[in-house]
Amino acid sequence: MEEILARGGSERFAITVFGDEPYGNYNRILLSNVLAGSDDAREIYLNPLDWYTDNNIDLRAGVRVVRIDPFAHLVFADDGTTLRYDKLILATGSRAFFPPIEGIWRDDKALAPGVFGFRSLDDCEAMIEFARGRTKAVVVGGGLLGLEAARGLQSRGLQAAVVQGGSTLMNAQLDDHGSAILRRLVEALGIEVHTGKRTTRMLSENGIPAAIEFADNSRLSCDMVVLAAGIRPNVGLAQRAGLTVERAIVVDDQMRSIDDDDVYVVGECAQHRGQVYGLVAPLWEQASVLADHLTGSNPGAAYHGSRTATKLKVAGVDVAAMGLKGPERDDDEFVQYSEPRHGVYKTVVVRDNKLIGATLVGDVRKVAFLMQAFDRGLPLPPERISLMFDIGTPEVAAGVAELADDAQVCNCNGVTKATIVGCVKSGQTSLAGVMSSTRAGKGCGSCKGLVSQIVEWAAAQTGAEIAEDAEANWYVAAIPYDKPELMRRIRELELRSVSSVFAALAPDGREDAGSKMALASLLHMMWGDEYLDERDSRFINDRVHGNTQRDGTFSVVPQLMGGVTNSDQLRKIADVADKYQIPMIKLTGGQRIDLLGVRKEDLPAVWADLDMPSGYAYGKSFRTVKTCVGSDFCRYGLGDSTALGIAIENRFQGIPSPAKMKLAVTGCPRNCAEALCKDVGVVAIEGGQWQIYVGGAAGAHIRKGDLLTTVDSADDVIALTGRFLQYYRENANWLERTYDFVPRIGIDRIRAIVVEDSEGIGPDLDARMQKSVDSYRDPWSRERTADAENNFRTSLPLIPLPQVPVR
């Protein structure tokens, strides 16, 4: 319709649209975002209902066409409507395929309770509603849709498992090696993967799924089943009308049915030259040809098929695939790079010096050049390895400049480079503005980086400056304020719960699942005991007070202050490990004991039997203080690092933060506790003094901490540590670690504020930190029956939790 309108079609035709679903058009690619909670359903509509009215289109939403009479040029709808047409376009798409599984159907031919397809907005909203209070979902189907469904349900707090009948995931796009690496990455997210399992039966209990059974008689427990085993074109109308249907409705090069020149077909329900395309990109090419021919603007327009190239995110993993997965002739060149440990896999297939296939998993930085080489036959470098790495192909800026104007940048929404450049030339120079105007990057989001590069390049060509996106300064995506202003308004309006913040400050009062965790942490930091906790605002790890593991079990880390324990605690830990058959006991880098492989239903009992506070190994919070043995036993010790570390951990344990905080205290400059690479590190030096370092890191990012100051006593260490942490908590961005925060603010400014109190806010920082300290409660001791019922199966016995003394 957009292509027809662009060619003056509204002046030539009265357009009527029938749609089985009771909505206007929406982006099915983003249904997984709606399921995960990162997008609201209203955000995925492509055109508002007013668009149809403004363009004189008669939209019959929620009205199904049940019959076509091509001889009389009539359509018959289920509301009794009969309408004559001059030209008819069938764009009926596809439906979900449901494999033959015993037990998934009710007697009235509807899916059984707890069993869902994943194709429509209604499917998505039904899944969200049913998922509340459920524990484990099984997704049948290991393609893109199945993996996205599993990731979305996992984001809703469920343990998710993917079952694939074949031996590999995404077998249509990836070869065995690429699939194996994708599997590792998916399992690392905590999603179970079962391949080579043909599902034959679903078992129910109390009217909802209890397990699925495989052909080998093994079973997998669940309380929710999603069927994402593929799609089938919707061809029933065409078949009953006598049109030729093979795999789909057969069309010619003008996208007309080969039986009737007045019936056009476009999209997944069309079969052209033996091909049926299940991707959105070919639809845009088909629609352009159809509109050219239908409106007479280019009667010679012809569709010759599409070379399919996709770039997308699969459960958060970048994947790109185009053409062949591997060589098919002896003279095909095949270059393959595999780095399983880092989740990277790349292949290219070259024939007659032309790129005919490529696969990228994990690292897709070369995708823009590869797609152009694949689509347009660009000259290839003689060293084929440079197709995978930046050792010969154009730099990003040059690559963007060389993109053809009609190169499709956003496959999801059919946006070309020329459209983006034209938007920039018209005066829109912010990335967010260009994306909003053109819809580029508003689909799966995988092209956003390329869109950004084109915007920068186009702005440079026109001499314009890139406008700053206002959203970039917002603390959370859903509320239009930076952190200081957001905190000011929260205090002014006395907003003590996440839902009240959305109601008062979000546009239209809409809630945004992706913003909840950050807001919950912020409110907890601001209000302490007065914060109103809402369970659905917590991340799954915070709801169960344990880290989710790759197999869906959990990690339990009790608190061992300063890494110090005793024989009673060790006996408790050993007894719990034996009683609950915990498969691994691991000593962590933070000097604690990690119990790995705890089942979710055992968590309350495990914590009750341990009768130890949580070590917060899962939280965006204060976590641990690592110490050396200090002056009591070490002959080099200059200060009692163990006692000071325990005192610091006892004071600040568990306080919420924009990101995790790890500390260390070492008894001499030999630095056995690695204090120089912690968020806060304390080092004893000669003369009974202590040095305080901030902003260190020793993970994927390596940074030596900056010296904040040198003090004379342990009390001064505790006071300035608290003041720094509070300043960081109040001013850092969400998920910004101190090793990014300190360089951004500058150590000189931080020293002036925290140590010298140059802005006169030191006592206020101290007071607000004290409020947080006073509000601390061990998470398992404060759980109540209602919380336990929400978090675990109600059929499980409720176990009384230990009452831990509170400071």
Side-chain angles (χ1 to χ4, degrees), residues 1-4 7 9 13 15-21 25 28 64-77 83-98 119 143 145 172-173 229-310 322-324 375 408 411 414:
M1 282 188 293
E2 291 180 357
E3 297 286 351
I4 290 169
R7 292 160 176 78
F13 299 105
I15 303 174
T16 302
V17 177
F18 289 90
D20 182 29
E21 295 183 74
N25 58 331
R28 292 187 195 275
R64 175 192 287 265
V65 172
V66 295
R67 186 164 69 89
I68 299 167
D69 184 341
F71 300 101
H73 280 211
L74 295 174
V75 295
F76 302 85
L83 194 66
R84 187 186 180 280
Y85 66 83
D86 294 303
K87 301 291 183 181
L88 176 68
I89 300 173
L90 295 176
T92 51
S94 298
R95 66 187 184 281
F97 167 68
F98 299 122
R119 187 65 182 163
L145 203 61
Q173 293 84 15
I231 56 176
R232 296 292 184 270
N234 286 318
V235 296
L237 278 176
Q239 285 177 320
R240 292 192 295 273
L243 303 180
T244 299
V245 173
E246 294 175 357
R247 294 169 59 206
I249 308 167
V250 181
V251 299
D252 61 16
D253 288 355
Q254 282 69 46
M255 302 309 298
R256 298 172 298 189
S257 163
I258 61 172
D259 305 293
D260 190 329
D261 286 351
D262 292 326
V263 177
Y264 291 81
V265 188
V266 67
E268 294 174 332
C269 61
Q271 176 180 316
H272 175 265
R273 299 188 183 184
Q275 294 293 314
V276 179
Y277 298 96
L279 301 171
V280 70
L283 168 60
W284 295 102
E285 298 174 20
Q286 294 174 3
S288 177
V289 170
L290 187 158
D292 279 344
H293 194 265
L294 182 66
T295 61
S297 59
N298 181 10
Y303 177 65
H304 299 297
S306 298
R307 304 191 75 188
T308 56
T310 60
M322 60 201 78
L324 300 182
D375 287 337
Q408 193 155 274
N411 288 335

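Considering all non-hydrogen atoms of both residues, Gly9 and Thr295 come closest at CA-CG2, 4.3 Å. Smallest separation of non-hydrogen atoms from Ala77 and Phe18: CB-CE2, 3.9 Å. What you find for Pro282 and Tyr303 is that their closest heavy atoms are CB-OH, 3.9 Å. Nearest heavy atom pair, residue Ala248 against residue Val276, reads CB-CG2, 3.8 Å. Looking at every heavy atom in both residues, Pro299 comes nearest to Gly296 through CD-O, 3.5 Å. Closest approach of Pro233 and Cys269 over heavy atoms only: CB-CA, 4.1 Å.
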Could you give the side-chain donor-acceptor pairs of residues 239-246 under 3.5 Å, partners two or more places apart or in another chain?
from: Arg240; atom 1: NH2; to: Val66; atom 2: O; distance (Å): 3.4
from: Thr244; atom 1: OG1; to: Asp259; atom 2: OD1; distance (Å): 3.0
from: Thr244; atom 1: OG1; to: Asp259; atom 2: OD2; distance (Å): 2.9
from: Glu246; atom 1: OE1; to: Gln271; atom 2: NE2; distance (Å): 2.6

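With Leu83 as the fixed residue, the side chain to side chain contact (heavy atoms under 4.5 Å, CB included) test singles out one of Val65, Val75, Leu74: Val75. With Glu268 as reference, Arg119 is the one residue of Arg119, Arg247, Arg95 to meet the salt bridge (charged side-chain N to carboxylate O under 4.0 Å, His left out) rule.
Within the structure, salt bridge (Lys or Arg N to Asp or Glu O under 4.0 Å) pairs that include any residue of residues 275-296 comprise Arg7-Asp292 (at least two apart or interchain).
Here the side chains of Tyr264 and Val289 are not in contact, with every heavy-atom distance at 4.5 Å or above. Contact check for Ile68 versus Leu90: side-chain heavy atoms found under the 4.5 Å cut-off. Contact annotation: the side chain of Ile89 approaches that of Ile4 to within less than 4.5 Å [non-hydrogen atoms, C-beta and beyond]. Inter-residue side-chain proximity for Leu294 and Gln254 is flagged as unmet; no heavy-atom pair is nearer than 4.5 Å.
Here the straight-line distance linking atom CD of Gln275 with atom OG1 of Thr308 works out to 8.5 Å at 0.5 Å rounding. Note that CG of Asp253 and CD1 of Ile258 are 12.0 Å apart. Values are rounded to the nearest 0.5 Å. The distance from the NE2 atom of His272 to the OG atom of Ser306 is 9.0 Å, given to the nearest 0.5 Å. The line from CZ of Phe76 to CG of Leu237 is 12.0 Å long, rounded to the nearest 0.5 Å.
Aromatic ring orientation, Tyr85 versus His73: parallel (interplanar angle below 30°, classes split at 30° and 60°).
No side-chain donor-acceptor contact under 3.5 Å links Asp262 to the backbone of Lys87. Formation of a donor-acceptor pair under 3.5 Å by the Glu3 side chain with backbone atoms of Ser288 is not found in this model.
For Arg273, the CZ atom is densely surrounded, since the number of other residues' heavy atoms within 6.0 Å is greater than 12.
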